[in-house]
Structures are given as structure tokens and as C-alpha cells.
Number of protein chains: 2
Amino acid sequence: MGFTKHLPLHIQIKIKLEEEILNEVYDEKIPGELDLMERFSVSRSTIRQAIAALVEEGILEKRHGKGTFISLKPVEEWLGSFSTYENIIDDMGMKPYIKFLSMEMTSTPQNVAKTLEEEVFYKVKRIRYADENPVSIEENYYPLELGKKLAKFNWDNVASYSLLDSLGVKLWDAKQIITCRMPVKEECKLLNIDETIPVLFIERLNFDREGNIVEYEHSVYRSDHYAFIVKLGRNEN
Amino acid sequence: MGFTKHLPLHIQIKIKLEEEILNEVYDEKIPGELDLMERFSVSRSTIRQAIAALVEEGILEKRHGKGTFISLKPVEEWLGSFSTYENIIDDMGMKPYIKFLSMEMTSTPQNVAKTLEEEVFYKVKRIRYADENPVSIEENYYPLELGKKLAKFNWDNVASYSLLDSLGVKLWDAKQIITCRMPVKEECKLLNIDETIPVLFIERLNFDREGNIVEYEHSVYRSDHYAFIVKLGRNEN
DNA sequence: CAGTGGTCTAGACCACGAA
DNA sequence: TCGTGGTCTAGACCACTGG
């Protein structure tokens, strides 16, 4: 392996396994600890230490008596754990739906322009409903190359990250800004609200594992019936 | 120890250590692994496993060559990692200040009433400034008993959790709701804003380790100059 | 039963930090 | 140099899962 500095074995093994997992070398389950011991010619604790790190990162998941399985929590769960968009009025039974409005090329949004040099982005505009009631206007922006591929999909009622996922693009980090303002006329019309009701304005930059911007989201939520609920905990929850 | 079921040794040790840490048996540093091995009559890996769990929970912190130290991240850092309140207009140099306005007993706020049976709460009202400009109106509510103790402090320019901390109350979990609305007259006056500018409205319930409500926060932020910035990551960041 | 992960031991040597 | 945590080994037995 060239001149690998002098990383501890368990780290090297962890990296190797992680790489293989992300390259989909394994289907669902990684080899047992005995196999890995042989393969890497190390003791069991070293293997276990490597695996423990991956478990902690949410990449692997152990099942006693069965084996160690690839986890890679779906992004839905991950993002969901942060910004659960919930209805204050407690009408749980409502059906969510996202309707495609338009797709076009546009100039790079401000927020992205600071970081990237590209001048043109793909923009997808959609409206999110709860039953028949419009909830938000969502615009997703993508770099040209990625956008071209995404343009081939049907964007009705799908999560953007599931489309990204099918292209092999995984979201990893995100940065989000939350503020509010008064709606413009078009937003009032689309959301079916009065001009006197403010809207929550959310921007989110999504990054992949290497820190590249893969998606910029720009959303406007009506504030009269909805709010963001955030759970905070020191550990998992 | 009575009839301890049959918990693994490292779990028992972890619990024991955790208990001692929370009871402030140690000052800053826990005994070395050798000492603990002797004390519990177990092997080093068992001790290390117990400690690893506590490190993962953010309760301990290892320093190579020095020892294992009690961490218990200050709440500031913990809460701060979530909702960093930042100025969009990028005036970094501003000085934050929180001015005490009033303290009184009041009926239990709605949000708390759902969970608790108490009928009266202490309410502390303050205004947060950036330099000379008002940023938000913050109201903190406390259960009677706790409120009585807190009433003795000077509430100018201190974080509520630092006062709680000095009473031995540690925050552990939180639940937060973010939405927006138009300001009422009093809020316009206090925040020095026009009636046409919406405000961000944040409610937060803070819980201790046992899940008791220890604080309810109710804040109104002006939206014209400020926004919430949230960083999301799968692991630590 | 066989296979897998879970727990635990005893002992070795390394790497860092402070005196 | 000494004490601390970091890495690693070899081997043992237990507990869960599935055929």
C-alpha cells in the first residue's frame, strides 16, 4: 500500500472495510470476525475495534448470533431526525404529497456562488401538500452535470435524496439556515395564504462525503399551520 | 450488591463509575486503568470497555499520557452546537448582552401543562442585545421550587443554564419548536421593530437526566437581521 | 448442532506528557 | 525516567440465532 505512515492496524482495517462497504463489495453482511482475522492476519480484538468504530459511525450494525450488517441509515432517517416537519394542528392522518411544478436552468444561487465557481445550476420547483392543503414551496438546485441526470426522472412525490441515491450520490453533511419573512405575491397564491401571514424560510446546503455541494434547497413554509420540531439529545435519540 | 441480575462486568463498572462521577466523587480526573483494574479485580480490557462507553456518552475524555478526565461538556457547547444564533449581516464584532426585565409567578404555560401537574411557574423575562440593538425577548419558566432558588440570582447578562448549573441542575435533553408569526405591539416596542416585520418564535423544553422538565424557554427573535444556522452531520462535528 | 457475536483474561510493547 | 493511555495478541468460555 505505498507508504502508509504508521496507522494503527485497527484504523487501517476500518478504512479498508469502510471503503469496501461504500464500494458495495458486500451485499448486506460483512464477513464474520473469524474470516476477517484470517484475512488481515490480526487478532480478534483488533478486528472488533475496527468494526466498533464503524458501528459507532452508523455504517455497520451488529446482530448477536447472526452477523454484522451494513447499516448506512437512509438519509430520510438522518435528515428526519433533525428537522421533522410537523403539523401543529395535530391532524396526523394527512397524506403528504409533492407536486412537480417546473425544471429549468438558472444562474447559480447566491449561497452556492460563494463556494463554487459554476455559473449555472438546474432548478427544480415543487409544492408540498398535506392532503389538499399546500404547505411549502420547495426549490432544489443542482450542479449542471448532476442536474442533467436528474432531469430524466419523474419528480412527482419523490424525495430528492432518493433520486440522488439512485445515482449513487450520498448526502453526508448539511448546513441549514432558518429565518422568516413576509411572502411575495406568487408565494401567497401558491400556498393559498393571505399576505399578512409570514412564511418560514429555510435554506439548506447538502454536501457529500468529500465535502462537495451536491444540492441546495430553498424552501418556503407557511407558518400558520406548521412549525419545525427539533429534538436535541447528548447521545442517540 | 443484592441481586444484580447478571450484567456484564464492563456494564456494571460503567454504571458504578458513572454514578460516582455524577456524585462528584472525583474532582476532575478518574483513577488510572491500573488502579481500576485492582479495585474491581478485572482485566484491563474490561476497564477500558467501561470507560469507552462513558467516553462515547461524552461523560469522560481521555488524554494520552495524562489520564482520563471528567468531561460533561458544558451545556453552552452542547446547545450551541445546535442552534447557533448568528447574525446574517455579518457584523461579527458585536457584543452580546442580556438585560433583566422582570420576574414573577405566573400560571403554568400551555406547553408544560400537558406534561406537568404544577399550576404555578416562575417566569423570568429578559431582552437580548447585540451591541445596542435588541435581538430577542426571552422568557424562562421554572417550577416553583427551583424558581425560588433562582430568584436570588442576578439575571443580568448570564446564561440561564449557568445559574441552573450552580444549583447542581444539569440539562440533558431538549425539545424545540421553531415557527414564526407577526409581533404584538409590546414586542415591536421592545425589539424596536415595525409591525410589518415577522418574528421567529422559538419554544424550548429542557429536561434533566431523569426526564423532568427543568426549564421552559419562550423566545421571540426579530427576523430582519438574524437567522438560525444549523449544522448537521452524521457524526461529531 | 454449528456459526456468530459478547465477554473476559493475562500479558506484551508502544507513544505521549511531565518531571 | 515514570505513569498514563494506545495497540495488539492468543486463547477461553458464554449467549444468541438458525437449521
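All chains are named by letter (A, B, ...) in the order of the sequence lines, taking the proteins before the strands, and each is independently numbered beginning at 1.
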- Query: Of all of residues 24-43 of chain B, which get a heavy atom below 4.0 angstrom from DNA chain C, listed by number?
  - Reply: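 Within residues 24-43 of chain B, the residues near DNA chain C are B/Ser41, B/Val42, B/Ser43.
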- Answer yes if the side chains of B/Glu215 and B/Ser160 hold a donor-acceptor pair under 3.5 Å, and no otherwise.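 On atom types as modelled, these side chains qualify, holding a pair under 3.5 Å.
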- Item | Counterpart residues, salt bridge (charged side-chain N to carboxylate O under 4.0 Å, His left out), relative to A/Glu138 (two or more places apart) |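 A/Arg128.
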- Query: In chain order, what residues pass the salt bridge (charged side-chain N to carboxylate O under 4.0 Å, His left out) check against B/Glu61, with sequence neighbours excluded?
  - Reply: B/Arg63
Considering only nitrogen or oxygen atoms on both sides, find all protein atoms under 3.5 Å from nucleotides 17-19 of chain D and state each distance.
from   : atom 1 : to      : atom 2 : distance (Å)
D/dG18 : OP1    : A/Lys66 : NZ     : 3.4

By side-chain contact (heavy atoms from CB on, under 4.5 Å), which residues pair with [X], not counting sequence neighbours?
X	answer
B/Glu19	B/Lys16, B/Asn23
A/Asp35	A/Pro31
A/Ser43	A/Ser45, A/Thr46
A/Leu144	A/Met105, A/Glu118, A/Val120, A/Tyr122

- Item | Residue list, ring-ring contact (aromatic ring centres under 6.0 Å, His included) with A/His218, at least two apart or on another chain |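 Partners of A/His218 by the ring-ring contact (aromatic ring centres under 6.0 Å, His included) criterion, ordered by chain and then number, come out as A/Phe201.
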- Residues which pass ring-ring contact (aromatic ring centres under 6.0 Å, His included) with B/Tyr141, listed by chain and number, not counting sequence neighbours: B/Tyr216
- On DNA chain C, check which nucleotide each of A/Lys62 and A/Ser45 is closest to and give me the residue with the more 5' one. A/Lys62
- Query: Can you list every pair that meets salt bridge (charged side-chain N to carboxylate O under 4.0 Å, His left out) and has a residue in residues 40-53 of chain B, with sequence neighbours left out?
  - Reply: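 Of all non-adjacent pairs touching residues 40-53 of chain B, those that pass salt bridge (charged side-chain N to carboxylate O under 4.0 Å, His left out) are B/Glu33-B/Arg44, B/Glu33-B/Arg48.
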- Message: With heavy atoms of chain A within less than 4.0 Å as the criterion, where does contact along DNA chain C begin and end?
- Response: C/dG3 to C/dT7
- B/Leu9 CG to D/dA15 C1', straight-line distance once rounded to whole Å: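 Checked: the CG to C1' distance equals 15 Å.
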